[in-house]
Amino acid sequence: MRVMFAGSPRVALPALSALHASRHDVVGVLTRQPRPTGRRRVLTPTAVHMQATDWDIPVATPTTTAEILAAVESWRPDICVVVAYGRLLAADAIAAVPHGWWNVHFSLLPRWRGAAPVQQALLAGDEVSGVTIFRIDEGLDTGDIAASAELPLGGGETAGEVLDALSQLAITPLLETIEQIDTGSLVLQAQQGEGTHAGKPGPEFGQLDWSQPALDLSRRIRAATPEPGAYATRSDTGQRVLVTEGRVASDVIQLAPGELSAGEAGVLVGTGNGVLEVMMVHPAGKRAMPAADWYRGLPAGVHLRA
């Protein structure tokens, strides 16, 4: 089949690679426009854009429905596979591809429809995640399901780690779905149950409020890592400190919210209920380091603000 691919970040690369290696023909790629990155704000193409270019696959970066339709007309795909593309599709674009647009979504729909299903699943303390392959319609992740696969969550994974695992898990059901579309044997199932929404995290998603319980804070650290990053604020300088690893402490110690103390392996921080042990931090303007090393360099009396 002639396959058009729509995706942008690194997490979309396993699906693109699997399609490129399959018997199907990837005729073109849609991706987001280059964006400025780094301190020097260098205009940088998406990970999908760079990989497609390496393979000499035509790339388009449309910003309008008309430009999407022009790409469809030029490449004449039978189907389109979407993985973390980052754009909603108009009805005209959906109707333009003969066998439809098929989304690889990183949750078990209808739970966590929207842009950040993994982050919201970790924040909620879900014990299982997964991938769903579904046919895109005009709703937000409401289309009929072709296939799904579950991923148990152990309680310590970051959002980045879960996304990496799900991007690999999606390959087999995605390829099986395409084969079934090609042979006309695909049977779709309507989504069952009430949906939940996973909106895109804003810059304050990673803010650590030390009046919250230690369990909730550990979940937020995992959900915000690597993006947008979980952070606390020093009481003395007002500088932000990224917290990249933390867990509920087993130590029995009384600390006020945000108060710091040395732990056996990391730094103990008081919370609204229990104690959080911070293991790794990334202070502003410095390299990432063990939290214990960072703590030893702090002036006496410093605490973390909410």
Side-chain angles (χ1 to χ4, degrees), residues 1-9 11-13 15-16 18-20 22 24-35 45-49 51-53 55 57-107 109-110 112-117 131-148 170 173-175 177-191 195 197-200:
M1 298 186 76
R2 295 175 60 84
V3 181
M4 183 170 70
F5 187 86
S8 296
V11 74
L13 292 179
L16 176 59
L19 290 169
H20 180 64
S22 74
H24 303 288
D25 185 14
V26 181
V27 295
V29 163
L30 304 180
T31 192
R32 298 295 296 268
Q33 291 188 313
R35 292 181 176 181
T46 68
V48 165
H49 191 151
Q51 183 61 80
T53 300
W55 287 334
I57 300 173
V59 177
T61 57
T63 59
T64 66
T65 296
E67 290 173 340
I68 293 175
L69 289 171
V72 171
E73 183 177 355
S74 174
W75 297 333
R76 295 178 293 105
D78 299 310
I79 64 171
C80 183
V81 172
V82 180
V83 186
Y85 177 35
R87 285 185 59 89
L88 293 176
L89 299 168
D92 289 352
I94 294 172
V97 178
H99 290 287
W101 298 66
W102 300 84
N103 197 346
V104 177
H105 187 74
F106 297 126
S107 80
L109 292 172
W112 303 127
R113 294 169 174 159
V131 294
T132 303
I133 316 297
F134 72 94
R135 183 163 188 162
I136 293 176
D137 59 17
E138 293 182 50
L140 178 62
D141 300 332
T142 55
D144 290 344
I145 293 172
S148 63
L174 172 61
L175 293 179
T177 296
I178 294 175
E179 291 298 327
Q180 291 167 1
I181 294 170
D182 194 20
T183 60
S185 60
L186 180 64
V187 177
L188 296 174
Q189 300 289 332
Q191 295 187 27
H197 182 64
K200 184 178 181 179

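Numbering starts at 1 and runs along the sequence shown. This is a predicted model, so every value here is computed, not measured.
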Residue pair T63 / E67, side-chain donor-acceptor N/O under 3.5 Å: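 A pair is found: one side chain offers a donor N or O, the other an acceptor, under 3.5 Å apart.
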
Between S148 and T132, do the side chains contain a donor N or O and an acceptor N or O under 3.5 Å apart?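 Their side chains do not contain a donor-acceptor pair, so the 3.5 Å distance test is not met.
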
Side-chain contact, heavy-atom cut-off 4.5 Å: [X] with [Y]?
X: L188; Y: I145; result: no
X: W102; Y: V82; result: no
X: M1; Y: D25; result: no
X: V81; Y: L19; result: yes
X: H105; Y: F134; result: yes
X: L89; Y: I68; result: yes
X: V104; Y: F106; result: yes
X: L16; Y: V83; result: no

Any donor-acceptor pair under 3.5 Å linking the side chain of [X] with the backbone of [Y]?
X: S74; Y: A70; answer: no
X: T31; Y: G7; answer: yes
X: W75; Y: V3; answer: no
X: R32; Y: T46; answer: no

How far does [atom1] of [X] sit from [atom2] of [Y], to the nearest 0.5 angstrom?
X: M4; Y: I57; atom1: CE; atom2: CD1; value: 13.0 Å
X: C80; Y: W101; atom1: SG; atom2: CH2; value: 4.0 Å
X: H197; Y: D141; atom1: NE2; atom2: CG; value: 9.0 Å
X: I136; Y: N103; atom1: CD1; atom2: CG; value: 4.5 Å
X: R2; Y: H99; atom1: CZ; atom2: NE2; value: 12.5 Å
X: R135; Y: I79; atom1: CZ; atom2: CD1; value: 10.0 Å

On a heavy-atom basis, which atom in [X] and which in [Y] lie closest, and how many Å separate them?
X: P9; Y: A47; value: C-CB, 3.9 Å
X: V97; Y: P77; value: CG1-O, 4.1 Å
X: L140; Y: L88; value: CD1-CD2, 4.2 Å
X: A96; Y: V72; value: O-CG1, 3.7 Å
X: D144; Y: A190; value: OD1-CA, 3.5 Å
X: Q33; Y: T61; value: CG-O, 3.6 Å

